[in-house]
Asks: 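Here it is, the structure in full.
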Amino acid sequence: MQYKRCKCGKAERWDTGEAVRPCEGCTECQTTYAGSSADHKPLEPHDWKPQFNRDTGQEDGAVCTRCHKRKRGD
Ligand SMILES: [Zn+2]
Ligand SMILES: [Zn+2]
């Protein structure tokens with residue numbers, strides 16, 4: 001196992017063998033995680049899909065369809 005890092009090195013994660021989504025990476029240097037410095041790609045925005053509260057039916061945050069990151073509603 002080894003780490004994948006963003007270009008500036010502030011963000012890192014284990015290399016799980018899974019492909020890195022284009023929206024996962026470092027918000028500071030705006031690059032994706034990569035095992036070598038030649039592989040960094042520009043960070044893309046998350047593809048947010050609204051989620052709805054099961055009880056109220058109200059919109060309640062969103063989930064990225066690519067990396068499944070959650071965002072809270074306001
Ligand atoms: Zn970075
Ligand atoms: Zn995402």
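Indexing begins at 1, ligand by ligand and atom by atom, following the structure's order. Values reported hereafter were calculated over all heavy atoms of this structure, with side chains retained and with hydrogens, waters and symmetry mates removed.
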Asks: Taking atom CG of Asp60 and atom NZ of Lys71, what is their separation to the nearest 0.5 Å?
Replies: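 Asp60 CG to Lys71 NZ: 12.0 Å, rounded to 0.5 Å.
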
Asks: Rounded to 10 degrees, what angle sits at the Zn ion (ligand 1) between Cys29 SG and Cys26 SG?
Replies: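 Nearest ten degrees: 110°.
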
Asks: Kindly confirm whether the Zn ion (ligand 2) is within less than 2.8 Å of some N/O/S atom in Cys64?
Replies: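 A backbone or side-chain N, O or S atom of Cys64 is under 2.8 Å from the Zn ion (ligand 2).
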
Asks: Round to 10° and report the angle made at the Zn ion (ligand 2) by SG of Cys67 and ND1 of His46.
Replies: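 Value, to the nearest 10 degrees: 100°.
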
Asks: Let me know which of Glu18, Glu44, Glu24 forms a salt bridge (Lys or Arg N to Asp or Glu O under 4.0 Å) with Arg66.
Replies: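 Single salt bridge (Lys or Arg N to Asp or Glu O under 4.0 Å) partner of Arg66 among Glu18, Glu44, Glu24: Glu44.
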
Asks: Enter the distance from Glu12:CD to Cys6:SG here, rounded to the nearest 0.5 Å.
Replies: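 Here the interatomic distance stands at 8.5 Å.
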
Asks: Locate the shortest heavy-atom distance separating Thr32 from Asp39; write the atom from each residue and the value.
Replies: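 It is OG1-O, 4.4 Å.
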
